[in-house]
Number of protein chains: 2
Amino acid sequence: MSSANMTIFRAYAQKSNPASLPPSILFSHSETCLTVFDAFPKSIFHLLVIPRVRPPFNVYQLANLRSLLKCEKNCAKELLMGLSREANNVKKMIESEMFKKYGFKWEIWMGFHAIPSMEHLHLHVLSADLCSPRMKLKKHYNSFHPKCGFFIHLSDVLSWFDADPSYYKTTSQLKKSEYEPLLKEDLSCWKCDRNLSNMPKLKSHLQEEFDKLSDQEKAKVERERKRSDDLAQTSSSQISLND
Amino acid sequence: MSSANMTIFRAYAQKSNPASLPPSILFSHSETCLTVFDAFPKSIFHLLVIPRVRPPFNVYQLANLRSLLKCEKNCAKELLMGLSREANNVKKMIESEMFKKYGFKWEIWMGFHAIPSMEHLHLHVLSADLCSPRMKLKKHYNSFHPKCGFFIHLSDVLSWFDADPSYYKTTSQLKKSEYEPLLKEDLSCWKCDRNLSNMPKLKSHLQEEFDKLSDQEKAKVERERKRSDDLAQTSSSQISLND
DNA sequence: GAATCCACCC
DNA sequence: GAATCAGCGC
């Protein structure tokens, strides 16, 4: 996300009382993290899970994923597991909201930008649609494309801890020269891999993909409902029969 | 100027009855030329003098200045003199209009684009202000900047005929490679040579220059008026004295 | 926000 | 028209 203030997340993370943040910013918080609404959401749902500044870490170590991964491995992993637990809570809340607002649930991604534009570590938790009025530029889109490489899935980061130490060392460097060019890649639909020549065309296509998914998933939900109705009917019939 | 139809001037130039053109397009015409309003005026006054297609020239020879200057020298010069005569009539009419509408007169430029964007030779006759809502791009501005080089003053073209034949040959080639880069030059005020970093700033500055000129020239006109009033007064006094 | 680039349509 | 560039305020 972009803003005049690149360190606003750090300010949030240092607050002793996160609850003092307005509800338009703060979604939830715990002892270890806080979750805020992304001010420029790039999907229908888009939240950020941010680690609060507490021992054994200082603000510099929590600056970004790169700085975190330079810390003692077990500590870094523990912190990421904490973010993961919180993100999974958030995910459940988003899913409930999806159902309430849209009548179906869809995928949710959790991950980090390889090169973040805002200071202080923040885990993106966003719905798998990339449909949003704030999605305007190629770099916006590619930065969240789940197969482009710039968006690093949380599960991938966690897997690095179990990999060969030399792999961990290499991959945790997150070199700018390696990741920045990814933002210039051709636009392609993250869902069907089709190439789209520009943002307006991509956005229309993503909307079509979402509408298609919506139709399919709502039909699925409807079938489920009917099936459980039928079951209820059958069982009540059986109850009657048993009478 | 720009338009979907690059050959519209040729169509005008081939009309047997130019008077059939609407008055919003046609300003005036003669046996040899017609004068039209530039559809995208780049100054307060901006007209185009266009040679009609008539012997000894065909449409290809009248395609642009370059093609004309490849023709027999005396014929080419004669045609340009014809345009010049017409342009000077137009100039007088513009000046009268300047005075009526603005209360003063200012300079008028006559010249050709080195690389025209429309087919068929057309002589620009425009007021020396470059103040117009249609003036939007750097290339628009530089193409009329009187010292940039892309705008070739009619008087310069006419002077080539009297220069050394090798100079005539070289200069009449109007090489794209030589003239096109001029359109990318830094923006500078044609009047005070100050550099301006972008078009909005340039346009504000040009407007200020025009307003300053307007104040100065209107004051000058006013002093003239007073002076001639005074003279009239004096002479009428003298007349009275003579009574 | 402004300059530049590029692809589409004429 | 859309992608890119660049100056400027925070």
Side-chain angles (χ1 to χ4, degrees), chain A residues 1-14 25 36 39-40 42 59 63 115-120 122 130-145 148 150 176-177 179-189 194-207, chain B residues 1-12 39-40 42 63 115-120 130-145 148 150 176-177 179-189 194-207:
Chain A
M1 61 167 292
S2 79
S3 155
N5 187 349
M6 307 288 270
T7 59
I8 190 71
F9 296 156
R10 177 171 294 159
Y12 297 163
Q14 288 178 307
I25 292 178
V36 299
F40 299 87
K42 301 304 190 295
V59 285
I115 317 289
S117 52
M118 296 279 287
E119 298 220 15
H120 202 80
H122 50 284
L130 304 183
C131 291
S132 159
R134 299 301 200 157
M135 178 70 84
K136 291 179 177 172
L137 309 179
K138 177 188 270 199
K139 68 174 174 185
H140 291 160
Y141 180 72
N142 282 342
S143 77
F144 289 105
H145 191 299
C148 175
F150 193 92
K176 230 180 190 176
S177 59
Y179 286 96
E180 253 176 359
L182 299 173
L183 299 176
K184 311 254 187 184
E185 295 275 302
D186 287 350
L187 294 170
S188 73
C189 174
R194 194 168 312 170
N195 266 65
L196 284 302
S197 58
N198 56 46
M199 285 301 290
K201 283 176 187 165
L202 173 73
K203 284 167 69 76
S204 307
H205 176 79
L206 292 176
Q207 191 57 54
Chain B
M1 61 169 291
S2 78
S3 154
N5 188 350
M6 306 289 269
T7 58
I8 190 71
F9 296 156
R10 176 170 294 159
Y12 297 163
F40 299 88
K42 301 303 191 296
I115 318 288
S117 52
M118 297 279 288
E119 298 220 14
H120 202 81
L130 302 184
C131 290
S132 159
R134 300 299 201 160
M135 178 70 83
K136 291 179 178 173
L137 309 179
K138 176 187 270 198
K139 68 174 174 185
H140 290 160
Y141 181 71
N142 282 342
S143 77
F144 289 106
H145 192 299
C148 176
F150 192 93
K176 230 180 191 178
S177 59
Y179 285 96
E180 252 176 359
L182 299 173
L183 298 177
K184 311 256 187 182
E185 295 275 301
D186 286 350
L187 295 170
S188 74
C189 173
R194 194 168 312 169
N195 267 64
L196 283 303
S197 58
N198 56 46
M199 285 300 291
K201 283 175 187 166
L202 172 73
K203 284 167 69 78
S204 307
H205 175 79
L206 292 176
Q207 190 57 54

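First the proteins, then the strands, lettered A, B, ... as listed; each starts at 1. Heavy-atom basis, side chains included; hydrogens, waters and symmetry copies ignored.
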From CE of A:M6 across to P of D:dC8 the rounded distance in Å is 19 Å
As its Watson-Crick or G-U partner within any shown strand, both distances under 3.5 Å, C:dG1 has D:dC5
Among the nucleotides D:dT4, C:dA2, C:dT4, whichever has the atom closest to the side chain of B:L137 is C:dT4
To the nearest angstrom, the CG-P distance between B:L187 and D:dA6 comes to 15 Å
DNA chain D nearest-nucleotide lookup for A:P200 and A:K184: closer to the 5′ end is A:P200
When rounded to whole Å, the CG to P distance for the pair B:N198 and C:dT4 reads 11 Å
Rounded to whole Å, the NZ-C1' distance (A:K136 to C:dG1) equals 13 Å
Rounded to whole Å, NZ of B:K138 lies from C1' of D:dA6 at a distance of 12 Å
note: B:K203, atom NZ; C:dA2, atom C1'; distance rounded to Å ~ 13 Å
When rounded to whole Å, the CG to C1' distance for the pair A:L183 and D:dT4 reads 14 Å
Taking a pair to mean Watson-Crick or G-U wobble geometry with both distances below 3.5 Å, C:dC8 pairs with none
When rounded to whole Å, the NZ to P distance for the pair A:K139 and D:dA2 reads 18 Å
Q. Does the B:H145 side chain pair with the main chain of B:N142, one donor and one acceptor, at a distance under 3.5 Å?
A. no
Examine distances only and state if a side-chain atom of B:K138 and a backbone atom of B:M199 form a donor-acceptor pair shorter than 3.5 Å. no
Per atom distances to the B:K201 side chain, the nearest of D:dA2, D:dC8, C:dA2 is D:dC8
- Please examine the side chains of B:L202 and B:N198, heavy atoms only from C-beta on, and report whether any two atoms are closer than 4.5 Å. no
What one should report as the nearest heavy-atom pair of A:K42 and A:S132 is C-CB, 3.5 Å
